[in-house]
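Quick notes on the structure that follows.
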Amino acid sequence: MPALPQRITHVLFYCIVVLLLTTCGCTSVEGKKTNHWAVIVSSSRFWFNYRHTSNALTMYHILRQHGIDDDHIILFLPDSFACSPTNLYPGSIVYESAEDAEDAQRKNLYGCSTQVDYAGDDVDVKRFLSVLQGRYDGSTPPTRRLRSDEDSNILIYVAGHGARSYFKFQDSEFVGSSDIAETFSLMHAQRRYNKILFLADTCHAIALCESIEAPNVACLASSMAEEESYSQGTDYKMGVALSSEWMNEALFLLDGTDCASETAGTNIPEVVLSTGRANAERRSMLHLSWFDFNYHPLRARSGTKSTPAHRDAVNNPRALHEWKVSEFICGEKAEGAPIKVQDGLL
């Protein structure tokens, strides 16, 4: 059989490589395809802890508004404050004071589209750690499982009460910093993530990250290890605080931002802290680093009493300078599937 011309051989080789890459779902290192997941936890019951659930729901809606599908968010809410007889606005949970019931409905975080995965007594330490570790019983539906893999960027947000090196669940048990560290190490061994961003919105928050040794896990915290974390926006008619300072500032920074536009946003920083340069491109906080997000002077507008803190990944001391907010908050763009229509089938 005569040899094929060299050009045809090269073309055939190229086609085979493209076919293999397409079949395997592979991409180049520079264009690595990632998927996005989130685990959001409010750990406190009782009416006076209203703000913890409001914080968790605020984070939930930030992710939903920026394209994270609900099937990729695992939401833990321990108490149904919306149905509490103390609630002036039945069926509603708000992040800022409402003038009346109609206004409360406009600001409602607990609408029909909010899908809670674990509620009531299902919100406990065992369930939280099991979700992260991928341990479920056979009856757990796929939508309540963290189906992440080695290409997953996972945002984990916890709001509740904490002390040095532990985080309380329902005023009856706690998870320690060593438990969290061991879980992340197990997730790394299981290849359950690409990057993890752990957001702790609690008192003594950064202490929850002190034992982490798994690579590509970075932490942002609302307070230093020896500090309390504070609430904001008290509603005197309901007798509760509606949010934390840290979450209120996060909303301010992300107001009007858009995953598809680097310059969309109400509050554009003048300086990029992570580089020390002017923000000449006018990028919004969504398209800057998590270091900028946690420390930018724009956060200081409320005169916060606690100090935001961070802990970089053990394998990358500049992780939070390099990781963009959008890497964890922006969902994947939906891709349409071709549909073939045939006539005369009926």
Side-chain angles (χ1 to χ4, degrees), residues 25 27 31-42 53-77 93 95 108-119 123 128 131-132 134 140-159 187 192-201 216-220 243 246-247 249-262 264-265 283-290 292-294 320 323-337:
T27 57
K32 184 176 181 180
K33 181 86 170 168
T34 57
N35 55 79
H36 305 81
W37 289 86
V39 178
I40 301 174
V41 179
S42 166
T53 290
S54 174
N55 289 337
L57 286 170
T58 298
M59 178 58 73
Y60 172 85
H61 285 289
I62 286 174
L63 298 179
R64 296 288 284 117
Q65 289 166 6
H66 286 86
I68 303 291
D69 188 86
D70 190 81
D71 287 347
H72 285 71
I73 302 174
I74 310 297
L75 179 60
F76 289 77
L77 296 184
I93 295 177
Y95 65 93
N108 187 16
L109 298 170
Y110 198 67
C112 296
S113 62
T114 302
Q115 298 187 32
V116 181
D117 297 286
Y118 296 97
V123 179
F128 171 59
V131 166
L132 295 179
T140 304
T143 55
R144 299 177 71 188
R145 302 185 183 209
L146 182 65
R147 306 183 309 280
S148 58
D149 56 39
E150 60 187 342
D151 296 325
S152 300
N153 289 347
I154 307 174
L155 183 149
I156 302 170
Y157 172 81
V158 297
M187 293 175 71
R192 286 178 59 77
Y193 71 88
N194 174 49
K195 298 175 183 176
I196 289 178
L197 182 72
F198 184 62
L199 304 177
D201 194 357
N216 278 355
V217 179
C219 299
L220 292 186
S243 67
W246 193 91
M247 180 53 72
E249 292 163 2
L251 267 178
F252 177 82
L253 293 175
L254 295 175
D255 183 42
T257 57
D258 187 337
C259 295
S261 171
E262 292 192 349
R283 292 192 181 119
S284 72
M285 194 61 72
L286 181 65
H287 297 279
L288 297 180
S289 74
W290 283 104
D292 287 280
F293 182 86
N294 209 42
L320 291 170
W323 296 1
K324 298 293 188 292
V325 177
S326 57
E327 289 183 62
F328 294 84
I329 286 183
C330 289
E332 299 174 51
K333 196 171 184 179
E335 296 181 1

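It should be emphasised that the depicted structure is a prediction, and the values quoted were computed from it without experimental measurement.
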State, to 0.1 Å, how close [X] and [Y] come at their nearest heavy-atom pair, and which atoms those are.
X	Y	value
C330	L286	SG-CD2, 3.9 Å
S289	V325	O-CG2, 3.9 Å
S261	H287	O-NE2, 3.2 Å

Practice item. Using the six-membered ring wherever Trp is involved, compare the ring planes of F293 and W246 and label them parallel, tilted or perpendicular (cut-offs 30° and 60°). Key: perpendicular
Review point. Parallel, tilted or perpendicular: which describes the rings of F76 and F128, with under 30° parallel and over 60° perpendicular?
Key: perpendicular
Quick one: pull up [atom1] in [X] and [atom2] in [Y] and give me the separation to the nearest 0.5 Å.
X	Y	atom1	atom2	value
L251	H61	CG	NE2	11.0 Å
I329	L254	CD1	CG	5.0 Å
T34	D149	OG1	CG	10.0 Å
S326	H36	OG	NE2	8.0 Å
D292	L253	CG	CG	10.0 Å
Q65	T257	CD	OG1	9.0 Å

Exercise for review: Mind running side-chain contact (heavy atoms from CB on, under 4.5 Å) on R192 and L146 for me, showing each step along the way?
Suggested key: CA-CA 9 Å; R192 286 178 59 77; L146 182 65; 3.6 Å; yes
Review point. So, N194 versus N153: side-chain donor-acceptor pair below 3.5 Å or not?
Key: yes
Exercise for review: Check the side chains of N35 and S152 for a donor-acceptor pair under 3.5 angstrom, ignoring hydrogens and angles.
Suggested key: yes
How about [X] and [Y]: do any of their side-chain heavy atoms sit closer than 4.5 Å?
X	Y	result
D70	R64	yes
T143	Q115	no
L132	I156	yes
F328	K195	yes
S54	Y95	yes
L57	T114	yes
D117	V131	no
I40	L63	yes

Check your understanding: Under the criterion side chain to side chain donor-acceptor pair (under 3.5 Å), which of D201, N55, T53 is the partner of S42?
Key -> T53
Review point. Under 6.0 Å between the ring centres of W37 and Y193?
Key: no
Check your understanding: Has the side chain of Y118 got a donor or acceptor atom that lies under 3.5 Å from a matching backbone atom of I74?
Key -> no
